[in-house]
Amino acid sequence: MTRVIVAGGGIVGQTIAASIATQSHLAVTLLTGPRAPADARSSAISAAGRKLFSRIGVWPGVADDAQPIEDMQITDCATDDLIRPSVLSFTGGEGADAFAFMVPNTALRGALAARCAALPIDVRRDTATFYDETDEGVRVRLTTGETVDGAVLIAADGRGSRLRRIAGIETVEKFYDQWGITGTITHSAPHHGRAVQHFFAAGPLAMLPLPGDSSSIVWTERPAFAKSLGEMDPMIASLEIERVFGLSLGRLCVEPPLQVYPLSAMIARDFCAGRVALAGDAAHVIHPLAGQGLNLGLRDAAALAETLALAHRHGEDVALALPRYARWRRADVVEMALVTDRLNAIFSQRSDLLRAVRSIGLGLVDRRDGLKSFFIGEASGLSGDVPKLMRGEAV
């Protein structure tokens with residue numbers, strides 16, 4: 001039986017394994033590595049991502065923990081502005097029809113692990129250390145000294161991907177003079193399913209709704225400030241976030257820990273080499289201001305499942321699907337990386353004139369239904385050349 005080996009037990013790796021196992025007759029081995037540490041973050045899953053998870057049988061396991069984002073408001077302001085009028089707002093459906101959903105990573109990982117365990121997937125808590133490639137397939141060496149043979153190897157082993165380096169695939173990187181701050185915030189006023197994003201000169205601050213009276217904070221700031229915030233007592237950090245964000249959600253309280261980290265972008269020069277393909281953070285990392293990093297990885301998973309399944313049905317060597325996958329996905333990734341990079345540069349300019357121009361431009365978008373529909377389509381992940389699974393269709 002033709003076997004696909006997936007290296008990486010994160011959200012993208014597990015999604016790839018479950019997608020291939022449910023949409024094809026290919027055998028799947030999933031190398032999860034050691035048990036992942038606790039992950040207190042939450043992820044924004046687009047409407048297309050929800051369709052994917054529904055089709056492969058994962059969404060029922062997270063539906064009760066998912067908070068629909070039914071409304072989004074964007075401001076362009078300074079931290080000391082008392083009034084922050086919305087320059088752009090989206091209303092993108094209610095409940096299951098929302099354009100995006102916030103899901104705790106622990107719930108998503110748990111649902112994926114349960115689904116992979118229920119499917120005919122050979123799940124191994126081991127890590128790939130090396131591989132050898134022949135005309136017929138790949139032999140993957142594990143930390144235990146054992147080997148696994150397959151037709152192709154999918155590297156979803158993270159930004160520092162060992163398999164990408166072994167494959168000889170180079171990357172292009174950009175380092176921002178910014179750090180990211182993420183965590184969970186409880187608040188005294190309800191969010192009503194609304195996400196709020198303030199664009200400040202140092203970077204955007206977003207509050208994304210979670211179940212109950214809590215939200216996920218995603219904040220881009222100056223390195224020194226971000227480091228100091230991460231080291232603050234949670235009570236003092238809560239007051240500092242409240243000072244910057246305002247009181248639209250009432251009193252704020254940090255649920256420790258806050259996670260802080262330097263921001264950078266990375267794109268692999270190739271998404272495949274021989275019988276190896278890259279997916280998720282092993283292939284691309286973008287600026288987090290649009291919340292599309294994981295969603296790009298989910299598109300990778302859906303595109304891999306589709307191209308591999310079709311090649312197998314047509315009796316081809318499934319390795320021939322990898323260049324097709326790479327061509328399909330790279331254009332989308334590069335476009336999103338450029339958009340997020342340019343938006344970050346434009347909104348980080350400390351100029352009252354540019355701020356006025358930005359506000360006028362966003363106001364024009366806000367008043368034109370056609371443009372707003374375009375942006376909602378982008379946010380929902382349903383625009384462009386979308387894989388079948390992201391449309392909720394079987395391959």
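Keep in mind it's a predicted model, so treat the numbers as computed, not measured.
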* Asked: More than 12 heavy atoms of other residues, nucleotides or ligands under 6.0 Å from CZ of Arg139: is that the case?
  -> no
* **Sequence-distant partners of Ala303, side-chain contact (heavy atoms from CB on, under 4.5 Å), two or more places apart** => Tyr325, Trp328, Arg329, Pro387
* **Residue pair Gln23, Leu389: steps toward the side chain to side chain contact (heavy atoms under 4.5 Å, CB included) verdict** => CA-CA 9 Å; Gln23 302 302 306; Leu389 287 174; 3.6 Å; yes
* Test ring-ring contact (aromatic ring centres under 6.0 Å, His included) on Trp59 and Phe101 and set out the steps. => CA-CA 11 Å; Trp59 193 252; Phe101 302 79; 5.4 Å; yes
* To do: Say whether, by atom type as modelled, one donor and one acceptor occur between the side chain of Ser380 and the main chain of Ser46 under 3.5 angstrom.
  => no
* To do: Looking only at non-hydrogen atoms, find the nearest pair between Leu382 and Ala48 and report the distance.
  => CD2-CB, 3.7 Å
* Asked: Should His187 and Ser214 be marked as a side chain to side chain donor-acceptor pair (under 3.5 Å) after you check the CA-CA gap, both sets of side-chain angles, and the distance that decides it?
  -> CA-CA 6 Å; His187 35 80; Ser214 62; 5.7 Å; no
* Can we say Glu170 and Arg165 salt-bridge, meaning some charged N sits less than 4.0 Å from an Asp/Glu carboxylate O? -> no
* Report the distance from atom CG of Asp132 to atom OG1 of Thr147, rounding to the nearest 0.5 Å. => 9.5 Å
* **Those residues that, when tested against Arg35, pass side-chain contact (heavy atoms from CB on, under 4.5 Å) (two or more places apart)** => Arg125
* Where the side chain of Asp157 meets the backbone of Leu163, is there a donor-acceptor pair that is under 3.5 Å apart? -> yes
* Asked: Using the benzene-type ring in the case of Trp, are the ring centres of Trp219 and Phe200 under 6.0 Å apart?
  -> no
* Val58 backbone acceptor or donor facing Arg115 side chain under 3.5 Å -> no
* Does CG belonging to Asp177 count more than 12 external heavy atoms closer than 6.0 Å? -> no
* Asked: Ion pair present between Arg194 and Asp71, side-chain N to carboxylate O less than 4.0 angstrom?
  -> yes
* N/O donor-acceptor pair under 3.5 Å between Ser24 side chain and Ala21 backbone -> no
* Any donor-acceptor pair under 3.5 Å from His191 side chain to Ser215 backbone -> no
* Any side-chain heavy-atom pair from Arg299 and Met390 closer than 4.5 angstrom? -> yes
* Asked: Hey, quick one: are Val12 and Leu153 part of the same hydrophobic cluster, counting side-chain heavy atoms closer than 4.5 Å, chains of contacts allowed?
  -> no
* Asked: In Å and rounded to the nearest 0.5 Å, what is the CG to OG distance from Leu304 to Ser19?
  -> 9.0 Å
* Any donor-acceptor pair under 3.5 Å linking the side chain of Gln178 with the backbone of Ala202? -> yes
* Asked: Are any of the side-chain nitrogens in Arg324 or Glu316 under 4.0 Å away from the carboxylate oxygens of its partner?
  -> yes
* Closest heavy-atom pair and its distance - Met207, Ile241 -> CE-CG2, 3.9 Å
* **Arg330 bridged to Asp270 by N-O distance under 4.0 Å** => no
* Structure fact -> What one should report as the nearest heavy-atom pair of Ala195 and Leu208 is CB-CD2, 3.7 Å
* Has the side chain of Glu306 got a donor or acceptor atom that lies under 3.5 Å from a matching backbone atom of Lys388? -> yes
* To do: Report yes if the side chains of Leu205 and Phe199 come closer than 4.5 Å at any heavy-atom pair, otherwise no.
  => no
* Rounded to the nearest 0.5 Å, what's the gap from CD1 on Ile217 to CG on Leu258? Could you check? => 7.0 Å
* Using modelled atom types only, decide if a donor and an acceptor are shared between the side chain of Ser43 and the backbone of Ile45 within a distance under 3.5 Å. => no
* Okay, side chain of Glu133, backbone of Val138: is any donor-acceptor separation there less than 3.5 Å? -> no
* Measure from the side-chain N and O atoms of Arg275 to the backbone N and O of Asp135, and report whether any donor-acceptor pair falls under 3.5 Å. => yes
